[in-house]
There are 2 protein chains.
Amino acid sequence: MTTAKKSYHHGDLKGTLEDAAVEIIRVEGVNGLSMRKLADKVGVSRSAPYHHFEDKQALLSAIAHKGFVLQAEAIDSAEAQGEPAFEAQVMQFVHAYVNWAVEHSEYYDLMFGSEVWQGSTPPEQFAQESRGYFRRYVDRVQRWQESGHISQQLSALRFAQVSWSSLHGISRLLIDGIYVDKKAQEAICSAAATIFFKV
Amino acid sequence: MTTAKKSYHHGDLKGTLEDAAVEIIRVEGVNGLSMRKLADKVGVSRSAPYHHFEDKQALLSAIAHKGFVLQAEAIDSAEAQGEPAFEAQVMQFVHAYVNWAVEHSEYYDLMFGSEVWQGSTPPEQFAQESRGYFRRYVDRVQRWQESGHISQQLSALRFAQVSWSSLHGISRLLIDGIYVDKKAQEAICSAAATIFFKV
DNA sequence: AGCACATCTTGACACTGTCAAAATTGCACC
DNA sequence: GGTGCAATTTTGACAGTGTCAAGATGTGCT
């Protein structure tokens with residue numbers, strides 16, 4: 001769990017707090033996380049966390065940031081070990097995206113929660129970074145278009161926006177318990193790939 | 001604003017509370033709504049609302065319920081006055097859905113917020129009702145398939161799940177401020193219709 | 001008028017985020 | 001080794017929150 005540097009009094013309180021917060025969120029949901037409960041769990045006083053995170057929101061933003069990194073890693077690694085054929089690539093990508101989101105909803109909820117994106121503490125750097133992730137997806141689409149695998153009727157940007165919306169929507173509906181049939185997840189992902197990429 | 005029956009002490013407190021809550025949410029967001037502030041705004045004591053709503057959650061669920069009704073009305077009416085040609089119908093539907101969601105995010109946030117769907121007070125009747133709305137959409141897709149306008153390669157259920165995910169995803173990303181370019185909304189909706197329905 | 005009941009208020013409790021001031025600790029330097 | 005400084009943590013406090021139990025108040029019916 002993080003680099004545990006045992007430096008000052010506690011030793012990497014910051015990292016410990018992040019990890020503990022993620023665990024609370026996983027078990028009790030975002031609303032189940034309170035700064036005081038978190039401090040208790042870690043064994044420090046209620047306001048110790050405020051020396052490492054300006055805000056509760058800052059803590060959540062930090063976790064969201066970590067989420068972006070983790071998801072990118074997960075998708076890249078899934079892509080790396082899959083078949084190089086276009087159809088397989090696309091399938092892999094779609095499944096990897098939704099799978100990660102559903103299995104790590106503690107992160108995903110925060111990554112795309114409105115609080116982080118419209119918060120009073122405008123996380124400019126944060127928004128810019130995640131915008132980078134989206135741009136990488138647009139580039140990906142563009143490559144697929146140039147190699148003739150998907151239609152060029154729409155601009156890469158538009159196609160990326162719509163197809164990503166779909167991935168996001170599927171993930172959200174599964175996470176929020178609106179699509180209750182968990183066993184349908186695979187089928188839905190495959191259907192999405194079929195529709196978007198004519199796989 | 002509701003039927004204002006002026007019956008007992010206040011006169012339709014329940015309806016007044018709902019309306020006031022919606023307004024607070026529109027201005028300050030869901031997290032800006034507190035039962036006490038709401039009671040203040042309406043001019044009653046802090047715990048008066050608890051005689052009309054068991055919970056804060058019950059209030060939110062009631063608003064969400066109203067949202068489902070309102071959105072269905074909006075979409076139906078948009079559909080009714082549009083051209084009867086398939087392409088126009090689909091375009092109309094997509095735009096109507098996303099438009100309503102974006103313009104009434106006070107409702108939309110609650111309709112598909114995880115709290116309502118996984119809350120400790122399982123709103124069984126609520127879930128069943130909204131499932132009805134989804135089924136209506138599946139039926140709509142089925143009709144489109146039978147009339148040969150969209151591919152029958154996928155089952156109506158799967159197609160409905162994926163395409164609705166897309167509508168939901170687009171709406172969410174716009175509402176949450178992740179798609180910042182509001183002027184792109186129209187273009188994104190049109191692109192979605194193009195991809196899904198080969199309009 | 002009086003009764004039953006719906007409706008509303010007051011007081012209270014445990015919990016929340018967050019700040020200011022005070023206390024503690026670790027490290028660098030003499 | 002002792003001393004001072006700065007990083008770190010704690011304690012006390014305040015305003016807000018959801019919600020409940022008991023009491024107060026008004027309404028309509030007989």
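To find a chain, count down the sequence lines: A is the first, B the second, and so on, and within it residues start at 1.
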Report task. Report the residues that fulfil salt bridge (Lys or Arg N to Asp or Glu O under 4.0 Å) with B:E23, sequence neighbours left out, ordered by chain and then residue number. Result -> B:K41
Query raised in the report: Quick one: A:M35 CE to D:dT10 C1', roughly how many Å, whole number?
Result: 15 Å
Query raised in the report: Under the 3.5 Å rule, do the base of C:dG11 and the side chain of B:R46 count as making a donor-acceptor pair?
Result: yes
Requested in this report: Report yes or no: is the cationic atom of A:K66 (NZ for Lys, CZ for Arg) under 6.0 Å from the centre of the six-membered ring of A:Y107, at an angle within 45° of the ring normal?
Outcome: no
Query raised in the report: Taking the side chain of A:Y50 as heavy atoms from C-beta outward, which of D:dT19, C:dC19, D:dT10 is closest to it?
Result: C:dC19
Query raised in the report: Within this structure, what is the CD-to-P distance between B:E54 and D:dG18, rounded to whole angstrom?
Result: 16 Å
Requested in this report: Round to the nearest Å and state the distance from A:D55 atom CG to C:dG17 atom P.
Outcome: 11 Å
Query raised in the report: In this structure, are over 12 heavy atoms from other groups packed under 6.0 Å from B:K37 atom NZ?
Result: yes
Report summary line: What residues 22-34 of chain B contributes to the DNA chain C interface at heavy-atom separation below 4.0 Å is none
Query raised in the report: D:dT17, C:dC8, D:dT9: which one has an atom nearest the side-chain heavy atoms of B:K37?
Result: D:dT17
Query raised in the report: Hey, does the side chain of A:H51 come within less than 4.0 Å of D:dT10's phosphate (OP1/OP2), counting only N and O?
Result: no
Report summary line: salt bridge (Lys or Arg N to Asp or Glu O under 4.0 Å) pairs touching residues 162-175 of chain B, sequence neighbours excluded, are B:D109-B:R172, B:R172-B:D176
Query raised in the report: Do A:R36 and C:dG17 share a donor-acceptor pair, side chain to base, under 3.5 Å?
Result: yes
Query - Per A:L13 side chain, nearest of listed nucleotides D:dT19, C:dC8, D:dT9 - result: D:dT9
Query raised in the report: Below 3.5 Å, does any donor atom in the side chain of A:S47 face an acceptor in the base of D:dT9, or the other way round?
Result: no
Query raised in the report: For B:H52 and D:dT19, what is the distance between atoms NE2 and C1' respectively, to the nearest whole Å?
Result: 16 Å
Report task. Nearest whole angstrom, please: distance from the P of C:dC8 to the CG of B:D40. Result -> 15 Å
Requested in this report: Sort and list the pairs that fulfil salt bridge (Lys or Arg N to Asp or Glu O under 4.0 Å) and have at least one residue in residues 181-197 of chain B, not counting sequence neighbours.
Outcome: none
Query raised in the report: Atom CG of B:L59 and atom P of D:dT17: how far apart are they, to the nearest Å?
Result: 15 Å
Requested in this report: Using whole Å, report how far NZ of A:K56 lies from P of D:dG16.
Outcome: 18 Å
Requested in this report: Whole angstrom is fine here: how far is it from CG in A:L60 over to C1' in C:dG17?
Outcome: 12 Å
Report task. Not counting sequence neighbours, which residues clear salt bridge (Lys or Arg N to Asp or Glu O under 4.0 Å) with B:R136? List them please. Result -> B:D76
Query raised in the report: Partners of B:R140 by salt bridge (Lys or Arg N to Asp or Glu O under 4.0 Å), sequence neighbours excluded?
Result: B:E79
